Peer 1: 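Below you will find the structure I want to go over with you.
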Amino acid sequence: MPILAANWKMYKTIAEAQAWLDAVADRPALERAEVVVFPPLTTLHALRGRCQRLGLGAQDVGWAEQGAFTGMVSAAQLRDAGCGYALVAHSERRRYACEDDQAAARKIAALWQAGLTPVYCVGEDAAEREAGLGEARLQTQVETVLTALSNELGGRLVIAYEPVWAIGSGAPATPAQASDAAALIRKTVLSRCGAAAAARLSLLYGGSTSPETVRGFMAEPLIDGLLVGSASLDPNSFLAMLEVMVDA
Ligand code: PEP
């Protein structure tokens with residue numbers, strides 16, 4: 001099944017989140033895709049249990065199991081709150097919270113330990129791209145994490161290729177660029193973790209996607225789905241993306 005994930009970032013009150021869910025919850029297309037929402041933590045309780053066909057995820061996770069870590073929320077606490085997924089090292093976390101690949105590896109391990117699915121975000125920024133260092137950056141982001149995890153996937157892994165220059169810019173990567181990145185990521189996982197692990201990997205593209213661009217990305221055999229920011233906030237545009245995806 002294709003994957004459609006919505007990253008709401010720091011948007012929506014509880015009432016707004018409930019209204020979004022009311023608009024989306026009874027759509028038959030939800031049964032033909034793995035749909036996951038990453039809402040603000042404050043809205044999780046209101047969304048939980050209101051739609052069985054919608055997965056819930058957190059936008060970040062603490063790497064520790066429990067303890068004196070003010071401001072952190074553990075993977076087990078997220079599971080307790082109804083989450084089955086968490087984003088790891090989104091570029092905005094890398095930028096504003098100084099998250100690096102080592103921290104990402106610890107978070108992925110913590111999520112597996114609690115039985116959650118990590119969605120590990122990778123991607124080069126504009127300067128790296130212009131300097132011709134995009135592929136190297138991507139490879140380092142994946143390899144550093146795999147090395148820290150002893151080249152073993154201890155659970156399901158989803159990797160989202162999100163070029164930083166495309167996020168929120170209105171100018172997505174082309175499907176061919178996203179496919180090239182997906183090929184590099186899969187090849188890296190294959191060489192480190194073996195064929196079975198690489199086959200289990202799911203690869204998403206994220207960065208300024210919209211209803212108009214879904215078909216092109218989903219036509220790429222190496223792309224399993226999309227991680228959507230801005231266009232996921234309005235239920236109508238999100239549903240339009242879902243409809244195109246399940247028809248593709
Ligand atoms: C994101 O931040 O994960 C994202 C994909 O954002 P947007 O779709 O708004 O570019």
Side-chain angles (χ1 to χ4, degrees), residues 2-12 16-17 20 24 33-41 43 54-61 83 85-99 101 103-104 107-108 111 117-126 128-129 134 137-138 141-142 145 157-175 177-179 181-182 185 202-218 220 222-245:
I3 301 170
L4 186 60
N7 174 14
W8 287 356
K9 311 192 182 196
M10 203 170 70
Y11 292 103
K12 292 197 190 292
E16 287 165 346
W20 187 97
V24 168
E34 182 178 350
V35 180
V36 187
V37 182
F38 294 88
L41 289 181
T43 67
L54 205 67
L56 283 181
Q59 297 172 17
D60 184 33
V61 61
C83 289
Y85 307 76
L87 298 179
V88 173
H90 186 279
S91 65
E92 286 148 18
R93 300 288 312 165
R94 291 179 186 268
R95 179 169 178 198
Y96 300 119
C98 302
E99 266 184 35
D101 301 337
K107 291 180 177 202
I108 290 169
L111 288 165
T117 298
V119 178
Y120 176 43
C121 301
V122 297
E124 76 285 2
D125 65 23
E128 289 159 346
R129 180 188 184 210
R137 176 75 177 122
L138 211 51
Q141 287 173 329
V142 177
V145 158
L157 182 63
V158 179
I159 298 185
Y161 170 57
E162 295 212 304
V164 183
W165 47 268
I167 293 179
S169 69
T174 64
Q177 285 169 329
S179 178
I185 293 167
S202 300
L203 280 160
L204 310 184
Y205 167 74
S208 293
T209 52
S210 61
E212 294 71 39
T213 55
V214 175
R215 201 173 297 281
F217 288 112
M218 296 314 294
E220 295 292 341
L222 296 179
I223 309 276
D224 301 305
L226 300 173
L227 176 56
V228 188
S230 319
S232 73
L233 294 172
D234 173 353
N236 293 323
S237 108
F238 185 75
L239 284 170
M241 295 182 83
L242 179 61
E243 296 291 348
V244 176
M245 186 175 268

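Heavy-atom basis, side chains included; hydrogens, waters and symmetry copies ignored. What you see is a predicted model; the values in this text were computed from it and never measured. Read the numbers this way: they start at 1 and go in the same order the structure lists the ligands and their atoms.
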Peer 1: Tell me which protein heavy atom sits closest to atom 5 (C) of ligand 1, plus the residue, atom name and distance to 0.1 Å.
Peer 2: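 Looking only at protein heavy atoms, the one closest to atom 5 (C) of ligand 1 is Glu162 OE2, 3.1 Å.
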
Peer 1: Do any heavy atoms of Gly168 fall under 4.0 Å from ligand 1?
Peer 2: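 For ligand 1, residue contact (heavy atoms, under 4.0 Å) with Gly168 is present.
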
Peer 1: Using a 4.0 Å heavy-atom cut-off, which part of Asn7 comes near ligand 1: side chain, backbone, both, or neither?
Peer 2: side chain

Peer 1: Give the single entry among Glu92, Gln59, Lys9 that approaches atom 2 (O) of ligand 1 most closely by any heavy atom.
Peer 2: Lys9

Peer 1: Which residue and non-hydrogen atom of the protein lie closest to atom 9 (O) of ligand 1, and at what distance in Å?
Peer 2: Ser230 OG, 2.7 Å

Peer 1: Measure from the side-chain N and O atoms of Ser208 to the backbone N and O of Ala166, and report whether any donor-acceptor pair falls under 3.5 Å.
Peer 2: yes

Peer 1: Which protein heavy atom lies closest to atom 8 (O) of ligand 1, and at what distance to 0.1 Å?
Peer 2: Gly229 N, 2.8 Å

Peer 1: For Trp165 and Glu124, which I'm curious about, is there any donor-acceptor pair between the side chains at under 3.5 Å?
Peer 2: yes

Peer 1: Would you please say whether a donor-acceptor pair under 3.5 Å links the side chains of His90 and Glu162?
Peer 2: yes

Peer 1: Run the numbers for me: atoms of ligand 1, each under 4.0 Å from some heavy atom of Ile167, listed by number.
Peer 2: 2 (O), 6 (O), 10 (O)

Peer 1: Listed by chain and number, what are the side-chain hydrogen bond (donor to acceptor under 3.5 Å, both in side chains) partners of Glu99, not counting sequence neighbours?
Peer 2: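 Listed in chain order: Arg93, Lys107.
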
Peer 1: When you measure from the side chain of Ser202 to the backbone of Asp224, do you find a donor-acceptor pair of N or O atoms at a distance under 3.5 Å?
Peer 2: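 Between the backbone of Asp224 and the side chain of Ser202 there is no qualifying donor-acceptor contact (under 3.5 Å).
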
Peer 1: What residue and heavy atom of the protein are closest to atom 1 (C) of ligand 1, and at what distance?
Peer 2: His90 NE2, 3.2 Å

Peer 1: Without swapping roles, check the side chain of Tyr161 against the backbone of Ile185 for a donor-acceptor pair under 3.5 Å.
Peer 2: no

Peer 1: What residues, two or more places apart in sequence or in another chain, satisfy side-chain contact (heavy atoms from CB on, under 4.5 Å) together with Ala58?
Peer 2: Leu41, Leu78, Cys83, Ala86

Peer 1: Mark up the atoms of ligand 1 that fall under 4.0 Å of a heavy atom belonging to Gly207, in ascending order.
Peer 2: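 Matching atoms, with element in brackets: 5 (C), 10 (O).
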
